[in-house]
Amino acid sequence: MSKSGHKIRLYNTLSKAKERFEPIDPDNVRMYVCGPTVYDYAHIGNARPAIVFDVLFRLLRQTYGADHVTYLRNITDVDDKINARAARDFPGVPLNEAIRKLTATTERQYQDDMKELGCLDPTRQPRATENIDEMIAMITTLIEQGHAYEAQGHVLFRVASFRQGEQTRYGELSHRSLDDMIAGARVEVAPYKKDPMDFVLWKPSDDDQPGWDSPWGNGRPGWHIECSAMSRKFLGPTFDIHGGGIDLSFPHHENERAQSCCANGTERMARIWMHNGFLQINGEKMSKSLGNFFTVHELLHGTKFGGRSWPGDVLRLAMLTRHYREPIDLSVDRLTEAERMLERWKRAMAASGLDFVEANRGACEALGPCSKLLAALSDDMNMAGVLTHLHRHAKASESGTRLHNAQRLFGSLNLLGIVSFDSMKNWQEATEKLQENADVDVEKITVAIAQRKAALAEKNWAEADRIRDQLASEGIRLTDSKDTETGERITRWEVVK
RNA sequence: GGCGCGGUGGGAGAGUGGUUAUCCAGCGGCCUGCAAAGCCGUGUACACCGGUUCGAAUCCGGUCCGCGCCUCCA
């Protein structure tokens, strides 16, 4: 049971069912998510797992306490794509230096992008190149225990050795049998493999490739081993949640799991395996060849998508308008709808008496989510249910119990990382600034409103409308409302951009 | 070829063996001198064909269509 009383249920790819989430250690809930390979700007598809698991991170922090959750997201900075890109972008520079430059810049871009999307920093973001020793140690163990073998400078994992008695365990996660995989394999099998499914743990490096000394000569790790080595180092042999995109379930996660269980002598690597669905653009798979490939940076700052840029909070909300396990279609319509929703919520909060000034920071940040919303979120992150409750609070804060619902709305949006005290403060200041900076004569407007009020009192509709139209032509919009107590007409004005 | 996922009203998107999802748009009404905003009400929806059932969009079988993975990929 969580400290705040709600029960979290999560869908486990391994069991193909929603499971009650029971942390191994409630004082240290541990989650590992596969992070980026830093060779280029993150594309918008990369943003989905970052956002989805950030929401889960926030839910876990809310449930078990902010100091009782460890979220690890790795940085893959050794990879053949990186080598190729470094050589291309930094010709004439020694490869190691070129790689360092490339990965450092790309990683910085990634961090900036994710921050703009409202993602908290994971607890740790270990780099592969800083944990080569741990990988070598793990590979050594695997060889010693007969789970791996050396062949022509390569070290390969013996897939058939991941078993329980007579029962092979390889394929349990992605739910496919070894026979199926071999039958359906379309890749040529390297001659040094004893079995077609065996995969690389370590491979030799040429002089023009990054390499590290190892018992098997100068070489570099295979892709899968880094996650096994780093998760063990920072989270231990068995942890609570392993996340990533659905495309990673095979072979990456299958391989990770085989390596870790064999090397650690454990039955399980992670208790729950979670996978987010793929992102599409206007109904098509995003790919460079289709010309519908967009980076997070382009969406945030460029004009390639829909002819304009999109704020991080809008992108985040749009990304959360579909259940994380389903494919999501990103389109201008979806973004526009998210933007309108968000705009309405912000207006509702501001109009309901929440004032985002520094003096209120502590009180605002202490506001929590509504319990029904939390229950929906805890049900395998049922965002549709979450959105329903957000709408309810927005509606109620516009009409009924205003302040209370605005507080719930803020507390909920804040939990989801869609708004924060600072983002609302900036929004509020920007709105005020728009009024202040606009080239308007407040005195004149005040007089005009008074004149219109007088005209209205005489039921001189024509004159009243003329004044309103005149102001409208100057970019000032008047809106009337009634004082709920006295019934008196209240006229507000705002600058229309 | 193998494995898997999905097809819900004009659009988005949940859920569920019998009871309003929700949001946007539309329509009707309230409020308003009129606007704007807001409020209330409103939809022949659940790919197709069979089967189980008192009752299925929800369970079972089949068909069609779309998609993903099996190769770097979030």
Side-chain angles (χ1 to χ4, degrees), chain A residues 13 16 33-37 39-40 42-53 73 76 79-82 84 171 174-188 197 223 243-254 275-280 283-288 296 318 320-329 331 333-334 336-338 340-341 344-345 347-348 351 376 379 382-392 394-400 455-462 464-465 468-469 472 477-482 487 489 491-492 494 496:
Chain A
T13 305
K16 296 168 91 170
V33 175
C34 291
T37 301
Y39 69 102
D40 201 350
H43 63 249
I44 189 65
N46 291 312
R48 175 115 105 138
I51 292 171
V52 163
F53 291 105
R73 187 176 64 199
T76 299
D79 183 275
D80 289 352
K81 281 196 296 283
I82 293 175
S174 50
H175 303 288
R176 51 187 92 194
S177 75
L178 269 177
D179 290 345
D180 290 342
M181 286 186 270
I182 292 164
R186 296 195 310 226
V187 254
E188 221 173 295
M197 293 312 295
W223 175 37
I246 185 68
D247 55 310
L248 292 181
S249 62
F250 187 89
H252 184 52
H253 292 161
E254 195 72 67
H275 294 97
N276 63 271
F278 239 67
L279 177 137
Q280 297 186 310
E284 288 182 307
K285 180 173 175 167
M286 181 168 70
S287 72
K288 285 179 181 165
V296 175
L320 293 173
T321 52
R322 180 123 161 113
H323 188 90
Y324 76 92
R325 277 191 276 125
E326 301 297 327
I328 191 172
D329 188 23
S331 63
D333 280 353
R334 188 186 286 277
T336 308
E337 195 175 333
R340 272 204 230 125
M341 249 187 250
R344 183 182 173 185
W345 291 340
R347 265 189 284 125
D379 181 15
N382 182 351
M383 281 304 300
V386 166
L387 288 173
T388 299
H389 290 106
L390 291 174
H391 286 302
R392 293 224 168 105
K395 190 172 279 203
S397 73
E398 279 163 339
S399 53
L456 288 169
E458 295 165 15
K459 296 201 190 293
N460 186 349
W461 313 130
D465 289 352
R468 187 169 62 192
D469 292 345
R477 179 163 64 203
L478 297 188
T479 50
D480 294 337
S481 60
K482 231 200 287 192
R489 180 191 295 258
T491 302
R492 291 201 177 83
E494 63 183 321
V496 185

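In the text below, chain A, chain B and the rest are named by the order of the sequence lines, each starting its count at 1.
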Let's test this: given Watson-Crick or G-U wobble pairing with both distances under 3.5 Å, identify the partner of B:C72.
none

Counting only N and O atoms by type, is there a donor-acceptor contact under 3.5 Å from the side chain of A:Q280 to the main-chain atoms of A:D329?
no

Give the nucleotide from the list B:U22, B:G33, B:C70 with an atom nearest to the side chain of A:R176.
B:C70

Looking across every strand, which nucleic acid part, if any, lies under 4.0 Å from A:S249 by heavy atom: base, sugar-phosphate, or nothing?
nothing

On a whole-Å scale, what distance lies between the P atoms belonging to B:U20 and B:C31?
29 Å

Please figure out whether A:W461 or A:K16 has its closest RNA chain B nucleotide nearer the 5' end.
A:K16

Taking the same atom, P, in B:U71 and in B:C3, what whole-Å distance lies between them?
15 Å

Whole angstroms only, please: what is the CG-P distance between A:D333 and B:G13?
11 Å

Just how far is it from atom CH2 of A:W223 to atom OG1 of A:T37, taken to the nearest 0.5 Å?
7.0 Å

Could you identify the nucleotide paired to B:A35, looking across every strand shown and requiring Watson-Crick or G-U wobble geometry with both distances under 3.5 Å?
none

Pairwise P distance for B:A56 and B:C46, with rounding to whole Å:
14 Å

Counting side-chain heavy atoms from C-beta on, which of B:U22, B:A74, B:G33 comes nearest to A:H391?
B:U22

How would you label the contact of A:L387 with the nucleic acid (heavy atoms, under 4.0 Å): base, sugar-phosphate, or nothing?
nothing

Check the phosphate of B:G11 against A:R334, side-chain N and O only, distance under 4.0 Å to OP1 or OP2. Yes or no?
no

Complement of B:G50, any strand, by Watson-Crick or G-U distances under 3.5 angstrom
B:C60

Heavy atoms only, 4.0 Å cut-off, all strands: where does A:H43 land among base, sugar-phosphate and nothing?
base

Nearest-neighbour nucleotide for the A:E326 side chain, B:A74, B:C24, B:G6 considered
B:G6

Report the C-alpha separation of A:H275 and A:T13 in whole Å, then their side-chain angles, then the decisive distance to 0.1 Å, and conclude whether the side-chain hydrogen bond (donor to acceptor under 3.5 Å, both in side chains) test is met.
CA-CA 7 Å; A:H275 294 97; A:T13 305; 2.7 Å; yes

So if I take every side-chain heavy atom of A:N46 and compare against B:G2, B:A74, B:A35, which nucleotide ends up nearest?
B:A74

Taking the P atom in each of B:A14 and B:C49, what is the distance between them to the nearest angstrom?
25 Å

What's the OH-P distance between A:Y324 and B:G13, to the nearest Å?
17 Å

Rounded to the nearest 0.5 Å, what separates atom OG1 in A:T491 from atom CG in A:L478?
6.5 Å

Select one nucleotide: of B:A21, B:C73, B:C72, the one nearest the side-chain heavy atoms of A:K81.
B:C72

Is a side-chain N or O of A:D379 found less than 3.5 angstrom from the main chain of A:N382, in a donor-acceptor match?
no

Between B:C69 and B:G26 - C1' atom distance, rounded Å
41 Å

How do A:N382 and A:L279 order along RNA chain B: which one's closest nucleotide is nearer the 5' end?
A:N382

Can you tell me the distance, in whole Å, between the CG atom of A:L320 and the C1' atom of B:A14?
15 Å

B:C5 versus B:G15 - spacing of their P atoms, nearest Å
16 Å

Taking the six-membered ring of A:F53, is NZ or CZ of A:R73 closer than 6.0 Å to its centre and within 45° of its axis?
no

Whole-Å distance between B:A14 C1' and A:L390 CG?
14 Å

Rounded to whole angstrom units, what separation is found between the CZ atom of A:F278 and the P atom of B:G66?
20 Å

Please report the interatomic distance CZ(A:R176) to OG(A:S249), rounded to the nearest 0.5 Å.
6.0 Å

From the candidates B:C67, B:G33, B:A74, the one with an atom nearest any side-chain atom of A:D247 is B:A74

At 4.0 Å (heavy atoms only), tell me whether A:G244 reaches a base, stays on the sugar-phosphate, or touches nothing.
sugar-phosphate

By the 4.0 Å heavy-atom rule, please label A:R347 as base, sugar-phosphate, or nothing.
nothing

Which nucleotide sits closest to the side chain of A:R468: B:A14, B:C67, B:C34?
B:C34

Any-strand Watson-Crick or G-U partner of B:G26, both distances under 3.5 Å:
B:U42

Nucleotide opposite B:G6 in a Watson-Crick or G-U pair, distances under 3.5 Å:
B:C65

Starting at NE2 of A:H253 and ending at C1' of B:C73, how long is that distance when rounded to a whole Å?
12 Å

Whether A:K395 contacts B:C23 is assessed here as follows: a side-chain N or O lying under 4.0 Å from the phosphate OP1 or OP2. Is that the case?
yes

Could you tell me how far apart A:M286 (CE) and B:G68 (C1') are, to the nearest whole angstrom?
15 Å

Expected output: side-chain A:H175 to main-chain A:G171 donor-acceptor under 3.5 Å:
no

Could you give the distance separating B:C30 and B:A12 at their P atoms, to the nearest angstrom?
33 Å

Check this one for me: any side-chain N or O of A:R322 less than 4.0 Å away from OP1 or OP2 of B:A14?
yes

Do the side-chain N or O atoms of A:W223 get closer than 4.0 angstrom to the phosphate oxygens (OP1, OP2) of B:C73?
yes

Between A:L456 (CG) and B:C34 (P), how many Å, whole number?
12 Å

Can you tell me how far P in B:G18 sits from the matching atom in B:A37, rounded to whole Å?
39 Å

